[in-house]
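Remarks on the structure that follows.
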Amino acid sequence: MDYRSRYKTIPGLPAHPERTFADDWVSYYDLLDIPVPYSYKEIIAILHPLKITSQASYKAYVRDIGDKRMPLDPQGVYATEWINWFQFLGKEEPYKPKFINKDFILWAERIEEFMKEALGASTKVNYLCRFVRLFIEKYDKSLSPEAFLTKEKQNIKPLKLELEKLNTDNMRRSVIRYANEFLEYVIQNKLTEEDPETGEIFRVQNTKNPISLLLSNQSVTSPIRAETTKPCLQYSFVKKPSYGCFLSQPNIFVI
């Protein structure tokens with residue numbers, strides 16, 4: 001860009017050096033003696049262990065380190081591989097529809113439709129996108145909610161395993177609850193038809209929502225843990241000395 005904006009001010013410089021010097025042409029990096037940037041794979045391997053948190057922090061780091069092979073404009077340099085700053089820096093992408101994988105764009109569209117009608121949708125979107133990323137994108141691979149709901153066989157075992165990895169029971173319940181609500185919305189609005197003659201309402205063949213079966217499954221919403229879930233004994237009882245007496249039988253003590 002700098003060359004193209006200035007070549008006219010220097011007599012003899014061609015507008016298209018790549019054509020004029022076609023036999024000797026290598027690249028603009030070679031012509032202008034600019035260090036060749038790292039490949040996308042190379043720079044990712046360098047950046048991710050550094051845990052850089054933002055675009056501004058990345059640019060400050062590049063200026064400070066002085067490595068000419070690290071571009072200030074990675075979006076332009078790695079245009080063919082570029083996805084977003086989160087993936088470039090090795091950060092987890094937010095659970096929002098726009099960060100759903102492009103192959104599953106119909107899920108994002110349906111979630112956005114749902115958000116326009118659902119009560120408190122802003123609190124539900126995180127859990128819905130989490131459901132899509134952790135289960136649909138990773139295991140199920142259905143390209144749309146309709147495809148998922150009309151599959152002949154639905155394997156939700158991977159979903160159970162992913163739910164067990166979540167930090168709290170409340171988070172597990174929320175994912176199941178809101179995913180179920182969303183899928184029921186899709187069934188109602190996309191997979192339900194009315195007979196124009198009889199007025200009978202029926203679902204598209206094979207439509208079923210396997211998530212509804214998890215709503216009352218305690219092994220999923222509150223999996224058993226090694227530690228007790230009972231409340232702690234009050235401090236006053238812990239601090240208070242206990243009194244008792246030994247019985248005649250050995251190793252028996254009565255409080």
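Count residues from 1 along the sequence.
No donor-acceptor pair under 3.5 Å is formed between the side chain of Thr192 and the backbone N or O of Asn189. Within the 3.5 Å criterion, the main-chain N or O of Ala179 finds no donor-acceptor partner in the side chain of Lys124. In terms of modelled atom types and a separation under 3.5 Å, the side chain of Arg110 and the main chain of Ser144 share no donor-acceptor contact. When atom types are taken as modelled, the side chain of Arg172 and the backbone of Leu163 share a donor-acceptor pair closer than 3.5 angstrom. Formation of a donor-acceptor pair under 3.5 Å by the Glu137 side chain with backbone atoms of Asn101 is found in this model.
Considering every non-hydrogen atom in both Cys129 and Lys96, the closest pair reads SG-C, 3.4 Å. Considering every non-hydrogen atom in both Pro97 and Ile111, the closest pair reads CG-CG2, 4.0 Å. The shortest heavy-atom contact between Tyr7 and Arg4 is CD2-O, 3.3 Å. When all heavy atoms are compared, the tightest approach of Thr150 to Thr207 is CG2-OG1, 3.6 Å. Taking both residues in full, the closest heavy atoms of Gln87 and His48 are given as O-NE2, 3.3 Å, listed atom of the first, atom of the second, then distance. Looking at every heavy atom in both residues, Leu149 comes nearest to Leu183 through CD1-O, 3.8 Å.
Interatomic distance, CD1 of Ile211 versus CD of Glu184, reported as 10.5 Å (0.5 Å rounding). Leu159 contributes atom CG, which lies 10.0 Å from atom CD of Glu164 (distance to the nearest 0.5 angstrom). For the atom pair Arg173 CZ and Leu166 CG, the distance stands at 12.0 Å (nearest 0.5 Å). If you take OG on Ser174 and CG on Leu128, they are separated by 10.5 Å, rounding to the nearest 0.5 Å. Annotation: the span from Leu50 atom CG to Ile65 atom CD1 amounts to 7.5 Å, rounded to 0.5 Å. Taken from CG in Asp73 to NZ in Lys59, the straight-line distance is 6.5 Å, to the nearest 0.5 Å.
Hydrophobic clustering of Ile, Leu, Val, Met, Phe, Trp and Tyr side chains at less than 4.5 Å, counting indirect connections, keeps Leu161 apart from Leu214. Cluster membership check: Val36 shares its hydrophobic cluster with Ile44, using side-chain heavy-atom separations under 4.5 Å among Ile, Leu, Val, Met, Phe, Trp and Tyr. By the rule that hydrophobic residues join a cluster once side-chain heavy atoms approach within less than 4.5 Å of another member, Tyr28 and Met70 end up as members of one cluster. Residues Leu106 and Phe114 do not share a hydrophobic cluster, defined by chaining ILVMFWY side chains whose heavy atoms lie under 4.5 Å apart. Hydrophobic cluster membership differs between Ile10 and Phe21, with clusters built from Ile, Leu, Val, Met, Phe, Trp and Tyr side chains linked at under 4.5 angstrom.
No close placement of the Phe182 and Phe131 rings is indicated, their centers lying 6.0 Å or farther apart.
Test Tyr58, Tyr78, Phe99 against Trp85 for ring-ring contact (aromatic ring centres under 6.0 Å, His included) and you get one pass: Tyr58. Of the options Lys91, Lys98, Glu93, Gln75, a side chain to side chain contact (heavy atoms under 4.5 Å, CB included) to Asn84 is made by Glu93 and by none of the others.
Annotation: side chain of Asp67 is not in contact with side chain of Ile46 (no heavy-atom distance under 4.5 Å). With contacts defined as side-chain heavy-atom distances shorter than 4.5 Å, the pair Lys190/Val204 does not qualify. Residues Arg6 and Leu13 form no side-chain contact, since every pair of their non-hydrogen atoms from C-beta on lies 4.5 Å or further apart. Residues Val186 and Glu146 meet the side-chain proximity criterion, which asks for heavy atoms closer than 4.5 Å. The closest side-chain heavy-atom distance from Ile43 to Pro37 is not below 4.5 Å. Residues Tyr178 and Glu181 are in side-chain contact: their nearest non-hydrogen atoms beyond the backbone lie under 4.5 Å apart. Counting only heavy atoms from C-beta outward, the side chains of Tyr185 and Pro145 never approach each other to under 4.5 Å. Counting heavy atoms from C-beta outward, Val175 and Leu134 have side chains that stay 4.5 Å or more apart.
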Given Trp25 and Leu31, is the side chain to side chain contact (heavy atoms under 4.5 Å, CB included) satisfied, shown in steps? CA-CA 8 Å; Trp25 181 257; Leu31 176 70; 3.9 Å; yes
task: Report the C-alpha separation of Asp140 and Ser142 in whole Å, then their side-chain angles, then the decisive distance to 0.1 Å, and conclude whether the side chain to side chain donor-acceptor pair (under 3.5 Å) test is met.
output: CA-CA 6 Å; Asp140 184 79; Ser142 295; 2.3 Å; yes
- prompt: Are Ile100 and Ile136 close enough, and set up right, to give a side chain to side chain contact (heavy atoms under 4.5 Å, CB included), and what steps lead you there?
  reply: CA-CA 10 Å; Ile100 289 176; Ile136 300 299; over 6 Å; no
**OP:** Go through Ile156 and Phe135 one step at a time and tell me if the side chain to side chain contact (heavy atoms under 4.5 Å, CB included) criterion holds.
**Re:** CA-CA 8 Å; Ile156 60 173; Phe135 176 54; 4.3 Å; yes
Query - Thr53 vs Leu89, side chain to side chain contact (heavy atoms under 4.5 Å, CB included): CA-CA, chis, key distance, verdict - result: CA-CA 7 Å; Thr53 59; Leu89 297 177; over 6 Å; no
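Between Lys41 and Glu81, none of the side-chain N atoms (NZ, or NE/NH1/NH2) sits under 4.0 Å from a carboxylate O, so this pair counts as no salt bridge.
The aromatic rings of Trp82 and Phe88 sit tilted, their planes meeting at an angle between 30° and 60°.
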